[in-house]
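Below, all heavy atoms of this structure are taken into account, side chains as well, without hydrogens, waters or symmetry copies. Starting from 1, each residue takes its place in the sequence as its number.
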Amino acid sequence: AMLRLRLLTWDVKDTLLRLRQPVGQSYAAEARAHGLQVQPEALGRSFREVYGAQSRRFPNYGHGQGLSSRQWWLDVVKQSFRLSGVQDEAALTKLAEKLYRDYCSPHNWELLPGAAETLSRCRQFGFCMGVVSNFDSRLEVILSQCNLRHHFEFVLTSEAAGFAKPDGRIFEQALRLGGARPEQAAHIGDDYSRDYRGARAVGMHSFLLRAAGQSEGPEVPPEHVLPTLSHLLARIEK
């Protein structure tokens, strides 16, 4: 039977938009522009380590711990460079502020295949659409700059919600914003626990974007898997 859906909620990073190049490469290029030589691979490793530690110590950008997401990110960038051997504090501050701004701009992001077409078609079908993303307040700007913002009635970030996926409360806020009951809504994302399981735990439908060859990970019914975004409407109409 066709799902009687009114609301579609969307993850953003690696579902609709992805980084054009690895973080280590972007950071290293910015360092070069400031006259500093840092290896992209080393920076990438440092970033992953620092981002993980910061996320554990200050979950959801330090929400509720007196940190702004801007300060959270500036600290992550500076510490990533420090771990990669950069000691000049004045340079670190400049680099961090420049990179924080740069990740708002479209030259760091590209659309995933089928993203623009799928969003347009879903709107033509009359779905209410919103974003539910573990992201900071820059997301509105990024979506506008990448010409996606107009598809959505609301953009709900974990920073604004105060809860990060898979916490059911962020999905419940999205359902209120979209004026839908859980069974009238479906969430689309690329992360099994945060997106697929998180949405299903509150009674929503959900679809997992999982590229071919990305089959490692828990079993998901094939009719819930999207090899590409272009598969979505056929799945909904089944």
Side-chain angles (χ1 to χ4, degrees), residues 11-31 36 38-89 91-104 108-110 112 131-139 142 156-171 187 189-199 201 208-211 214-218:
D11 172 55
V12 175
K13 187 173 180 292
D14 297 326
T15 297
L16 296 172
L17 294 174
R18 63 185 172 204
L19 292 174
R20 288 183 190 272
Q21 56 177 6
V23 169
Q25 282 179 30
S26 304
Y27 281 24
E30 194 53 55
L36 296 164
V38 194
Q39 284 302 313
E41 297 73 23
L43 258 176
R45 281 194 302 275
S46 297
F47 172 80
R48 284 189 294 278
E49 186 180 321
V50 170
Y51 179 89
Q54 184 84 328
S55 300
R56 287 187 295 275
R57 190 173 166 209
F58 299 107
N60 196 17
Y61 311 108
H63 181 97
Q65 291 167 284
L67 221 57
S68 69
S69 58
R70 182 175 178 276
Q71 193 56 56
W72 192 98
W73 273 112
L74 294 178
D75 290 347
V76 165
V77 178
K78 287 194 249 188
Q79 189 59 19
S80 300
F81 278 104
R82 283 190 199 109
L83 263 191
S84 306
V86 178
Q87 301 302 329
D88 177 343
E89 285 296 319
L92 287 173
T93 298
K94 277 206 201 75
L95 275 172
E97 291 182 345
K98 178 80 164 56
L99 283 163
Y100 179 79
R101 285 196 306 276
D102 275 0
Y103 276 88
C104 279
N108 268 313
W109 298 95
E110 63 187 9
L112 266 82
V131 161
V132 179
S133 172
N134 288 357
F135 216 97
D136 62 79
S137 55
R138 292 175 295 178
L139 189 57
I142 293 167
L156 183 60
T157 63
S158 58
E159 180 177 13
F163 306 104
K165 299 178 297 188
D167 192 310
R169 289 171 288 189
I170 191 170
F171 291 106
H187 180 68
D190 70 303
D191 187 283
Y192 173 79
S193 64
R194 286 193 286 265
D195 293 310
Y196 181 76
R197 294 276 314 132
L208 183 65
L209 181 64
R210 190 181 259 180
Q214 228 194 325
S215 54
E216 75 284 351

May I have the step-by-step check of side-chain contact (heavy atoms from CB on, under 4.5 Å) for Tyr100 and Leu74, ending in yes or no?
CA-CA 7 Å; Tyr100 179 79; Leu74 294 178; 4.0 Å; yes
Going through the distances and angles, do Lys13 and Asp190 end up as a salt bridge (Lys or Arg N to Asp or Glu O under 4.0 Å)?
CA-CA 8 Å; Lys13 187 173 180 292; Asp190 70 303; over 6 Å; no
Given the rule in the salt bridge (Lys or Arg N to Asp or Glu O under 4.0 Å) test, do Arg82 and Glu89 qualify, once you have shown the distances and angles that lead to the verdict?
CA-CA 9 Å; Arg82 283 190 199 109; Glu89 285 296 319; 2.9 Å; yes
Apply side-chain contact (heavy atoms from CB on, under 4.5 Å) to residues Thr157 and Asp136 and explain how you reach the verdict.
CA-CA 6 Å; Thr157 63; Asp136 62 79; over 6 Å; no
What do the steps show when you test Asp195 against His187 for side chain to side chain donor-acceptor pair (under 3.5 Å), and what is the final call?
CA-CA 7 Å; Asp195 293 310; His187 180 68; 2.8 Å; yes
Apply side-chain contact (heavy atoms from CB on, under 4.5 Å) to residues Glu30 and Leu95 and explain how you reach the verdict.
CA-CA 7 Å; Glu30 194 53 55; Leu95 275 172; 3.7 Å; yes
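The ring-ring contact (aromatic ring centres under 6.0 Å, His included) check on Phe47 picks up Tyr27, Tyr51, with sequence neighbours excluded. Scanning for ring-ring contact (aromatic ring centres under 6.0 Å, His included) contacts around Tyr192 gives Tyr196, with sequence neighbours left out. Partners of Trp109 under the ring-ring contact (aromatic ring centres under 6.0 Å, His included) rule, at least two apart in sequence or in another chain, do not exist in this structure.
Residues Gly189 and Thr15 approach most closely at CA-OG1, 3.5 Å, considering heavy atoms. The two residues Ala42 and Ser84 come nearest to each other via the heavy atoms O-OG, 3.8 Å. Here the shortest heavy-atom pairing between Arg57 and Gln65 reads O-NE2, 3.1 Å. The shortest heavy-atom contact between Ala91 and Leu36 is CB-CD1, 4.1 Å. For the pair Ser158 and Ala164, the tightest heavy-atom approach, listed with the atom from each and the gap, is CB-CA, 3.7 Å. Nearest heavy-atom pair across Val38 and Val86 is CG2-CG2, 3.7 Å.
A salt bridge is defined here as a Lys NZ or Arg NE, NH1 or NH2 lying under 4.0 Å from an Asp or Glu carboxylate O, and Arg138 with Glu159 fails to meet this definition. Salt-bridge formation is detected for the pair Glu97/Arg70: a Lys NZ or Arg NE/NH1/NH2 atom is positioned less than 4.0 Å from an Asp or Glu carboxylate oxygen.
Side-chain contact between Leu43 and Gln39 is absent, with no heavy-atom pair separated by less than 4.5 Å. Phe81 is listed as a side-chain neighbour of Leu99, based on a closest heavy-atom distance under 4.5 Å. Contact of the Ser68 side chain with the Gln71 side chain is registered, since non-hydrogen atoms from C-beta on lie closer than 4.5 Å. With contacts defined as side-chain heavy-atom distances shorter than 4.5 Å, the pair Tyr103/Leu19 qualifies. Looking at Ser55 and Trp72, their side chains come closer than 4.5 Å, going by heavy atoms from C-beta outward. Side-chain atoms of Asp102 and Ser26, non-hydrogen and from C-beta on, never get closer than 4.5 Å to each other. Val12 has its side chain out of reach of Phe135: every pair of non-hydrogen atoms, C-beta onward, lies at least 4.5 Å apart. Counting heavy atoms from C-beta outward, Val132 and Ile170 have side chains that approach closer than 4.5 Å.
Annotation: the span from Thr93 atom OG1 to Lys78 atom NZ amounts to 4.0 Å, rounded to 0.5 Å. Distance check: Leu67 CG to Trp73 CH2 gives 12.5 Å after rounding to the nearest 0.5 Å. In this structure, Gln21 CD and Asn108 CG are separated by 7.0 Å, a value rounded to the nearest 0.5 Å. Cys104 contributes atom SG, which lies 5.5 Å from atom CD1 of Ile142 (distance to the nearest 0.5 angstrom). To the nearest 0.5 Å, atom CG of residue Asp14 and atom CG of residue Asp11 are 7.5 Å apart.
A donor-acceptor pair is defined here as one N or O able to donate and one able to accept, closer than 3.5 Å; no such pair exists between the side chain of Asn60 and the backbone of His63. Looking only at distances, a side-chain donor or acceptor of Asn134 sits under 3.5 Å from a matching main-chain atom of Lys165.
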